[in-house]
Amino acid sequence: MTENAWTRWPSREALGRTGISRPRRMLAWAVRVLVLALLLWSAFSQRHVGIWSGFAAASGVLLAALVSWAFFRTTYQHRLMPSLALIAVLLGIAVAAEATGFRAPALVLWCGCGISALERLPLGAAVPVASVGLASYSAFNNDVWLTTAATVAGMALAGYVLRLDAEARGSAQRLLAQERAARAAEAESAALAERARIAREIHDVLAHSLSAQLVHLEAARLLIENGADRERILERVVAARGMARDGLAETRQALSALRGELTPLEDFLSELVSEADGAEITVTGERRPLPAEASQAVRRVAQEALTNVRKHAHGAKVQLRLGYSAHEVTLDVRDSGGRPGELTGSGGGYGLLGMRERAELLGGSLDAGPDEEGFVVTLKVPV
């Protein structure tokens with residue numbers, strides 16, 4: 001529901017000092033000091049002023065300054081009744097000053113009350129208060145009526161312009177605070193997304209490396225149980241050690257990828273294929289750099305697919321096809337089928353599931369299943 005403009009306070013940002021430049025604050029304080037000095041000078045410049053009357057006049061000026069400060073505090077806190085009571089005290093001081101012959105201070109106080117009310121109070125209270133203050137100024141001012149009318153209109157306009165300026169500044173401060181909060185939330189979201197990406201990369205590297213090591217270590221265990229000769233067992237242990245070494249290298253590569261230091265995808269796949277017996281690679285389409293996430297997805301799927309071939313289709317021929325199109329990159333890993341290895345049942349079976357989740361996070365897809373001869377894994381990632 002829209003708030004009534006007549007009962008709505010200027011915001012605390014508008015009534016406070018936040019957002020006011022240092023030169024403007026210094027100018028405001030200079031104006032206050034100048035007004036106070038003029039009030040004191042006008043109080044003591046009267047011919048009829050004696051020691052005690054001068055002391056009373058100075059006390060009245062200081063009291064008016066103290067009440068004005070309290071009025072600024074209560075309006076900042078949006079306390080209507082105390083604010084009205086304090087400005088009534090200021091008007092009363094002005095009346096007392098006029099009654100005792102101090103007309104100049106009285107006129108300044110009436111004008112100040114009118115301007116401050118329009119600037120800091122809800123309009124429903126500001127208009128009557130300003131009317132009383134400026135009407136009192138008009139009644140006791142000695143200038144011609146046209147000058148007095150112009151002065152009253154100018155002061156009313158000045159009070160309202162100050163109000164609009166303060167509200168504009170307050171709105172700017174609120175927008176700035178909202179923008180800072182949005183930026184902080186965006187930075188936090190980006191940090192969480194980056195942590196998730198790092199965790200996913202490290203998880204994929206470790207899952208692939210440990211799975212490959214498990215293949216060879218499980219083979220070594222079975223060979224020991226079956227009484228195989230030492231050379232065959234040593235071959236599996238050495239292979240497991242090589243996989244551990246490769247896992248460390250892949251971890252370093254993943255960290256380099258996170259820093260944007262990726263090797264070209266074609267070179268990576270060529271090196272991966274060269275380490276696998278009976279594997280070939282074909283690249284079609286116009287080659288181009290890929291985003292880090294898409295490139296990492298292709299690398300991990302290729303590694304996982306070749307590991308599965310070693311586990312489940314020993315001796316199979318493998319054909320990798322990397323295809324570039326206008327809007328996506330496709331990786332097709334197809335094997336010719338082979339005899340199941342000794343470790344067909346090893347591992348948790350979550351490798352391709354993790355790759356499918358990675359592809360879906362990027363807006364792509366991963367299909368895996370048997371074909372006429374062997375097994376095929378197809379990854380599609382938009383770029």
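Atom set for the values below is all heavy atoms of this structure, side chains included, hydrogens, waters and symmetry mates excluded.
Residues Trp9 and Leu80 have side chains in contact (heavy-atom distance under 4.5 Å, counting atoms from C-beta outward). Side-chain contact between Val67 and Leu63 is present, with heavy atoms from C-beta onward closer than 4.5 Å. Side-chain contact check for Glu235 versus Leu223: every heavy-atom pair is 4.5 Å or farther apart. A heavy-atom distance below 4.5 Å is not found between the side chains of Val309 and Phe375. The side-chain heavy atoms of Val298 and Phe268, taken from C-beta on, include no pair separated by under 4.5 Å. The shortest side-chain heavy-atom distance between Arg321 and Thr284 does not fall under the 4.5 Å cut-off. Contact check for Trp6 versus Val127: side-chain heavy atoms found under the 4.5 Å cut-off.
Within the model, atoms CG of Leu322 and CG of Leu290 stand 7.5 Å from one another, a figure rounded to the nearest 0.5 Å. To the nearest 0.5 Å, the span separating CG on Asn141 from CG on Leu134 amounts to 11.5 Å. Here the straight-line distance linking atom CG of Leu162 with atom CG of Leu118 works out to 9.5 Å at 0.5 Å rounding. Atom CD of residue Glu280 and atom CG of residue Leu320 lie 10.0 Å apart, to the nearest 0.5 angstrom. One finds the CD1 atom of Ile115 at 14.0 Å from the CZ atom of Arg163 (value rounded to the nearest 0.5 Å). Rounding to the nearest 0.5 angstrom, the gap separating the CD atom in Glu357 from the CG atom in Leu366 is 11.0 Å.
The stretch residues 105-128 participates, sequence neighbours left out, in these ring-ring contact (aromatic ring centres under 6.0 Å, His included) pairs: Trp110-Phe140. Listed by first and then second residue, the salt bridge (charged side-chain N to carboxylate O under 4.0 Å, His left out) pairs involving residues 112-135 amount to none (not counting sequence neighbours). Applying the side-chain hydrogen bond (donor to acceptor under 3.5 Å, both in side chains) test to residues at least two apart or on different chains, the pairs with a partner in residues 78-88 are Thr74-Ser83, Gln77-Arg79.
For Asp267, the side-chain contact (heavy atoms from CB on, under 4.5 Å) partners at least two apart in sequence or on another chain are Pro264. Scanning for side-chain contact (heavy atoms from CB on, under 4.5 Å) contacts around Glu328 gives Ser325, Thr330, Lys380, with sequence neighbours left out. Shown here are the side-chain contact (heavy atoms from CB on, under 4.5 Å) partners of Ser171, two or more places apart in sequence or in another chain: Arg174. Under the rule for a side-chain contact (heavy atoms from CB on, under 4.5 Å), the partners of Arg180 that lie at least two apart in sequence or sit in another chain are Leu176. Evaluation of the side-chain hydrogen bond (donor to acceptor under 3.5 Å, both in side chains) rule for Thr378 yields Asp332 as partners, not counting sequence neighbours. Residues meeting the side-chain hydrogen bond (donor to acceptor under 3.5 Å, both in side chains) test with Glu225, sequence neighbours left out: Arg221. Not counting sequence neighbours, the partners of Arg183 by the salt bridge (charged side-chain N to carboxylate O under 4.0 Å, His left out) test are Glu179.
Hydrophobic clustering, with ILVMFWY side chains joined whenever heavy atoms are under 4.5 angstrom apart, groups Tyr324 together with Val301. Each of Leu66 and Val89 belongs to its own hydrophobic cluster when Ile, Leu, Val, Met, Phe, Trp and Tyr are linked at side-chain heavy-atom distances under 4.5 angstrom. Under the 4.5 Å side-chain heavy-atom criterion for grouping Ile, Leu, Val, Met, Phe, Trp and Tyr, Leu146 is not connected to Leu107 through any hydrophobic cluster. Linking Ile, Leu, Val, Met, Phe, Trp and Tyr residues whenever their side-chain heavy atoms come within less than 4.5 Å leaves Phe71 and Trp69 in two separate clusters. When the side chains of ILVMFWY residues are joined at heavy-atom separations under 4.5 Å, either directly or via intervening members, Val376 and Val333 end up in two distinct hydrophobic clusters.
Considering every non-hydrogen atom in both Ala117 and Ala126, the closest pair reads O-CB, 3.0 Å. Across every non-hydrogen atom of Ile87 and Cys113, the tightest pair is CD1-O, 3.7 Å. Considering every non-hydrogen atom in both Val383 and Ala294, the closest pair reads CG1-CB, 4.1 Å.
Listed for the Arg334 side chain is no donor-acceptor partner under 3.5 Å among the backbone atoms of Gln319. A donor-acceptor pair under 3.5 Å is formed between the side chain of Ser274 and the backbone N or O of Glu271.
Other residues, nucleotides and ligands contribute at most 12 non-hydrogen atoms within 6.0 Å of the CZ atom of Arg230.
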Distance-only donor-acceptor pairs under 3.5 Å for side chains of residues 150-160, two or more places apart:
unit_1 : atom_1 : unit_2 : atom_2 : d
Thr151 : OG1    : Thr147 : O      : 2.8

Extract all donor-acceptor atom pairs below 3.5 Å that involve side chains of residues 91-99 and protein atoms in other chains or at least two apart in sequence.
unit_1 : atom_1 : unit_2 : atom_2 : d
Glu98  : OE1    : Arg103 : NE     : 3.3
Glu98  : OE2    : Arg103 : NE     : 3.3
Glu98  : OE2    : Arg103 : NH2    : 2.9

